[in-house]
Amino acid sequence: AFLLQYPSPMEKHVTAVETVEERTDLSTGIIYRRRIATCQNVIPEMLRKVTPYRNLVNNSFSQVSVLRVPNIYLEEESWLNLQKRIMAMKTRCLTWTQYASLSEESVFRESLENPDWTDFTQTGRISVTGAGLLNCVLEAFAQSFLKQGVKKVSHLLLELLPQ
């Protein structure tokens, strides 16, 4: 269900997902996938306007904001082990890598309580540099957005799973 959730009318910010690599390890049966997601830029217009661009070569600032892009690109890697009934995923932002690091790791595994249940754990990391005093504002926005995303993913997966 997770691999089929995007694009979806329930998550309008994800506009496309392309599988760029897929292979199966014949010795372990693990299926590896690497996908690139295209997402609408959800950073509020106010932050896009006031965040200056820092030139890392000469440390000067430009009036053009690096946040003024229409799309954000994410890379998702997944490892699906059907024998052990576990899927691990790593997602990272490919946009603004010299200014920010956004990543999350998710694991779906069979519950020890009930094999028909799935345990889902997720961790995320956010670090913003190069925006001066706005680093903490952008980090807070990203943290809030990722927390909302966790709730949406849970709801979306429940909608997609067969009853």
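Along the sequence shown, residues carry numbers from 1. Small disclaimer: the values here were computed from a predicted structure and weren't measured.
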Walk me through it: do Phe108 and Met89 pass the test side chain to side chain contact (heavy atoms under 4.5 Å, CB included)?
-> CA-CA 9 Å; Phe108 300 81; Met89 301 180 59; 3.8 Å; yes
Locate the shortest heavy-atom distance separating Val17 from Ala37; write the atom from each residue and the value.
-> CG2-CB, 4.1 Å
Given the rule in the side chain to side chain contact (heavy atoms under 4.5 Å, CB included) test, do Ile36 and Leu94 qualify, once you have shown the distances and angles that lead to the verdict?
-> CA-CA 9 Å; Ile36 305 296; Leu94 298 175; 3.8 Å; yes
Will you find, in the side chains of Tyr32 and Glu77, an N or O donor that is under 3.5 Å from an N or O acceptor?
-> yes
Please report the closest heavy-atom contact between Asp119 and Ser111, naming both atoms and the distance.
-> OD2-CA, 3.5 Å
Show the numbers, then the answer: is there a side-chain hydrogen bond (donor to acceptor under 3.5 Å, both in side chains) between Glu104 and Gln122?
-> CA-CA 7 Å; Glu104 64 183 29; Gln122 187 173 46; 3.3 Å; yes
Ignoring hydrogens and geometry, is there a side-chain-to-backbone donor-acceptor pair from Thr91 to Glu76 under 3.5 Å?
-> no
If we only count heavy atoms from C-beta on, is the Thr38 to Tyr73 side-chain gap below 4.5 Å?
-> yes
Between Ile72 and Gln40, which heavy-atom pair has the shortest distance, and what is it?
-> CD1-O, 4.3 Å
Shortest non-hydrogen contact from Pro115 to Glu110?
-> CB-OE2, 3.3 Å
Does the Thr24 side chain pair with the main chain of Leu26, one donor and one acceptor, at a distance under 3.5 Å?
-> no
Does atom CD of Glu113 have more than 12 heavy-atom neighbours from other groups under 6.0 Å away?
-> no
More than 12 heavy atoms of other groups within 6.0 Å of Arg34 CZ | yes
Once you round to the nearest 0.5 Å, how far does CZ of Arg92 lie from CG of Leu74?
-> 10.0 Å
Does Ile30 reach the side chain of Leu80, with side-chain heavy atoms less than 4.5 Å apart?
-> no
Side chain proximity check, Lys90 to Trp79, heavy atoms < 4.5 angstrom = yes
Carefully, step by step, assess Ile31 and Glu22 under the rule side chain to side chain contact (heavy atoms under 4.5 Å, CB included).
-> CA-CA 7 Å; Ile31 301 168; Glu22 184 170 348; 4.2 Å; yes
